[in-house]
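Remarks on the structure that follows.
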Amino acid sequence: MFVCLGNICRSPLAHAVVEHKLSERGLSGSIEVESSGTSGYHIGERSDARMRTVAARYGVNINHRSRQFQTGDFDFYDLVLTMDQSNYADVIRLARSDSDKKKVKVFLQYDPESTPPHEVPDPYYGGSKGFDTVYAMVNRAADALIDSVLEVV
Ligand code: 4NP
């Protein structure tokens, strides 16, 4: 479960990129991938057109409707991967137990080249270059994440 603030830019991209990479490895459907937002600002909306455009350039199709993260998601997902430290704090606040808390990680910590604070910057109020940066960061961390997850399953 990938989590950002609005679930219209960063986490739907991570969601789509990981599904795309799993499909390239012949592993479609083997891992349940989803995304959500800590806020309810954009519930039901399609992902940001600027994010969809950048993803499409790399052959990645984002087809998602924004939904809010819920406490019950801890029961279904093994990993809850946040895009920044603020999302991390918000999700940790919803955890009911140590077992819930252990599932929550900052996504970029999977990328050995990432440096603190391990954040995918929020591109929403910035220019188009921000979306390219987000794509590059998410793409690199996604490979590392998949390698790590496949090692333990
Ligand atoms: P996201 O980007 O968290 O990557 O989906 C944002 C989208 C919308 C808002 C903030 C961040 N917003 O404030 O509406």
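Side chains are part of it too, since the values below use all heavy atoms of this structure and drop only hydrogens, waters and symmetry mates. Since this is a predicted model, take the numbers as computed values, not measurements. First listed ligand is number 1; within each ligand, the first listed atom is number 1.
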Discussion item. Working note: Val138 + Phe2, criterion side chain to side chain contact (heavy atoms under 4.5 Å, CB included); need CA distance, chi angles, decisive distance, verdict.
Written reply: CA-CA 11 Å; Val138 164; Phe2 291 104; over 6 Å; no
Worksheet item: Between the main-chain N or O of Gly37 and the side-chain N or O of Gln68, is there a donor-acceptor pair closer than 3.5 Å?
Response: no
Worksheet entry | Asp143 (side chain) donor-acceptor with Arg140 (main chain) under 3.5 angstrom | no
Worksheet item: Any salt bridge between Lys103 and Asp73, counting N to O under 4.0 Å?
Response: no
Practice prompt. Enumerate the protein residues lying less than 4.0 Å from ligand 1, judged by heavy-atom distances, in chain and residue-number order.
Written response: Cys4, Leu5, Gly6, Asn7, Ile8, Cys9, Arg10, Tyr41, His42, Asp122, Tyr124, Tyr125
Worksheet item: Which residues satisfy the salt bridge (Lys or Arg N to Asp or Glu O under 4.0 Å) test with Asp90, sequence neighbours excluded?
Response: Arg93
Discussion item. Could you check whether any side-chain N or O of Arg10 sits under 3.5 Å from a backbone N or O of Val134, counting only pairs where one atom can act as donor and the other as acceptor?
Written reply: no
